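I have placed the structure first, in the form of structure tokens, so that the comments after it can refer back to it.
The shown structure was predicted, so the numbers you read here are calculated from the model rather than taken from an experiment.
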Amino acid sequence: MKKQIALIAVTLGLFSVGAPVASHNFSPVATAAAKTTEVVPGSQIKLAGAVNVRDLGGYKTESGKVIKPNMLIRSAKLNTLTSNDEAILTKEHHVAVDVDLRTPAEMKEAPDKRMSGVKYIANPVVSDAESKENDKIANGQTGMIDYYKYFVDSTQGRHSYKVLFHELLTVPSNKAVRWHCSAGKDRAGFGTALIMTALGVNKSTIYKDYLLSNKYRKQTNDQALAELRKKGASKATIKKNYYGLIVEKAYLDEAYKEAETHYGSMKGFLEKGLGLTQADLTKLQNKYLEK
């Protein structure tokens with residue numbers, strides 16, 4: 001792990017900055033959903049100043065229940081939100097807690113827009129010290145795979161996700177929790193997989209949601225790679241950064257393997273790794289699932 005994190009930090013630091021062009025990041029179905037009360041699982045919340053912002057509402061669990069809308073929001077970083085974006089998040093989606101999973105350095109470089117009535121939680125999955133130790137960029141794909149081991153194996157990672165669940169358990173029932181990292185795909189993506197597991201969503205649906213980051217970040221990623229080519233980057237450098245910009249099934253597979261090896265299953269990781277009790281899981285399901 002300690003040879004790999006720099007790849008993530010460099011890639012996300014360089015290429016997930018700036019305000020996105022939101023109009024190019026939504027499918028017709030997702031746009032239609034924004035105009036009606038229909039909940040379309042996996043659709044993106046349309047914002048001018050952030051990409052890969054999604055409500056988990058509408059996903060079905062194995063028991064046939066459905067995740068309530070406007071309660072569980074995942075996203076990329078939020079430093080370029082507009083006033084209208086803030087209104088959408090707080091008024092339409094009832095966001096009351098902002099859990100920032102980035103490193104302290106990332107938080108300082110691109111601080112979240114602080115919103116009235118929204119509690120901000122600085123909750124890094126990876127520490128600055130860990131990031132600074134990794135001053136060499138390793139192979140992009142293997143580096144990303146190793147990154148996901150860290151989420152499960154490290155004390156820092158487990159503490160961060162435990163804090164996220166604490167906020168989910170304690171936020172008022174009519175309010176939403178939003179969690180995010182820089183690109184909204186790795187640290188936030190794994191956090192989303194944990195939440196969906198806790199709510200009883202099946203693994204295939206979890207992967208489907210996870211891989212949607214490639215769809216919603218495509219324009220941002222294409223621009224980043226084009227900029228590298230413009231600057232004369234080698235094919236090897238472009239390839240390494242490509243793997244840091246996308247998500248692959250193999251990345252999340254590695255986290256599942258680590259959880260299964262050390263805790264028996266991803267549910268075992270929730271219970272033994274994060275300390276969630278059966279009562280906690282029942283409370284989460286009662287709180288976030290339609291009856």
Side-chain angles (χ1 to χ4, degrees), residues 20 22 25-61 63-78 81-101 112-121 123 164-181 184 188-189 191-201 205-206 208-210 212-213 215-216 280-291:
N25 285 291
F26 299 90
S27 66
V29 173
T31 303
K35 296 179 181 179
T36 70
T37 57
E38 181 184 359
V39 178
V40 180
S43 60
Q44 190 171 210
I45 297 170
K46 187 174 182 178
L47 300 179
V51 295
N52 207 13
V53 185
R54 293 182 257 153
D55 186 340
L56 298 190
Y59 279 121
K60 290 185 178 180
T61 69
S63 67
K65 293 184 178 181
V66 178
I67 298 177
K68 296 176 183 178
N70 304 318
M71 295 193 77
L72 299 170
I73 312 294
R74 58 174 293 175
S75 79
K77 62 183 181 179
L78 305 162
L81 292 180
T82 66
S83 296
N84 187 57
D85 292 339
E86 294 179 22
I88 290 171
L89 289 170
T90 57
K91 305 296 184 184
E92 296 183 24
H93 297 281
H94 314 301
V95 170
V97 180
D98 171 16
V99 182
D100 191 342
L101 303 175
D112 277 10
K113 286 289 186 70
R114 302 298 175 89
M115 292 178 278
S116 177
V118 177
K119 180 172 72 169
Y120 175 78
I121 308 292
N123 185 34
L164 172 58
F165 273 99
H166 173 76
E167 296 303 323
L168 294 170
L169 285 163
T170 57
V171 70
S173 294
N174 61 339
K175 296 295 184 179
V177 175
R178 177 188 62 200
W179 60 98
H180 76 92
C181 51
T192 301
L194 292 177
I195 292 166
M196 294 174 80
T197 298
L199 296 179
V201 177
T205 302
I206 290 171
K208 181 179 178 181
D209 179 78
Y210 171 75
L212 281 173
S213 286
K215 173 183 177 181
Y216 294 130
D280 290 332
L281 295 173
T282 298
K283 181 177 180 179
L284 288 166
Q285 291 167 12
N286 289 338
K287 188 173 188 176
Y288 293 105
L289 300 179
E290 301 278 9
K291 291 185 169 58

Measure the spacing between CD1 of I73 and CD1 of I45 and express it to the nearest 0.5 Å. 4.0 Å
For T197, check side chain to side chain donor-acceptor pair (under 3.5 Å) against everything at least two apart and list the hits. none
Please enumerate all residues that pass side chain to side chain donor-acceptor pair (under 3.5 Å) together with D209, with sequence neighbours excluded. R54, Y59, R74
Can you name the side chain to side chain contact (heavy atoms under 4.5 Å, CB included) partners of M115, sequence neighbours left out? L81, E86, L89, T90, V118, R178
Minimal non-hydrogen separation, D85 against A48, with atom names: OD1-N, 2.9 Å
Least distance between heavy atoms, G42 atom then L212 atom: O-CD1, 3.6 Å
Looking at every non-hydrogen atom in both residues, tell me the closest pair between G184 and N52 and how far apart they are. O-ND2, 3.1 Å
For the residue pair A188 and C181, what are the closest heavy atoms and their distance? N-SG, 3.4 Å
D55: which residues meet the salt bridge (charged side-chain N to carboxylate O under 4.0 Å, His left out) condition with it, sequence neighbours left out? none
Point-to-point distance, once rounded to the nearest 0.5 Å, from CG of L164 to CD1 of I121: 10.5 Å
Would you give the length of the straight line joining atom CG of L101 to atom NZ of K77, rounded to the nearest 0.5 angstrom? 14.5 Å
Between L78 and A50 the two heavy atoms that sit nearest each other are CD2-CB, 4.0 Å
Across all chains, not counting sequence neighbours, the side chain to side chain donor-acceptor pair (under 3.5 Å) partners of S116 are none
Sequence neighbours excluded, which residues qualify as salt bridge (charged side-chain N to carboxylate O under 4.0 Å, His left out) partners of D112? R102
Can you tell me how far the OG atom of S75 sits from the CG atom of D98, to the nearest 0.5 Å? 7.5 Å
With rounding to the nearest 0.5 angstrom, report the NZ to CE distance, K208 to M196. 10.0 Å
Return the OH to CD1 distance between Y288 and I67, rounded to the nearest 0.5 Å. 11.0 Å
Minimal heavy-atom distance between M71 and K68, with the atoms involved, is SD-CD, 3.6 Å
Taking NZ in K287 as the centre, count heavy atoms belonging to other residues, nucleotides or ligands within less than 6.0 Å. Is the count above 12? yes
Residue set satisfying side chain to side chain donor-acceptor pair (under 3.5 Å) with N70, at least two apart, ordered chain then number -> H93
So, do Q44 and Y216 sit near enough that their side-chain heavy atoms are less than 4.5 Å apart? yes
Donor-acceptor pairs are to be reported for all side-chain atoms of residues 165-172 against protein atoms at under 3.5 Å, with residues two or more places apart or in another chain.
residue: E167; atom: OE1; partner: K119; partner atom: NZ; Å: 2.9
residue: T170; atom: OG1; partner: H166; partner atom: O; Å: 2.8

Could you walk me through whether T192 and W179 satisfy the side chain to side chain donor-acceptor pair (under 3.5 Å) test, starting with their C-alpha distance in whole Å, then the side-chain angles of each, then the deciding distance to 0.1 Å, before giving a yes or no? CA-CA 9 Å; T192 301; W179 60 98; 3.0 Å; yes
Spell out, as yes or no, whether a donor-acceptor pair under 3.5 Å connects the side chain of E92 to the backbone of A87. no
Is any side-chain heavy atom of I195 closer than 4.5 Å to one of L72? yes
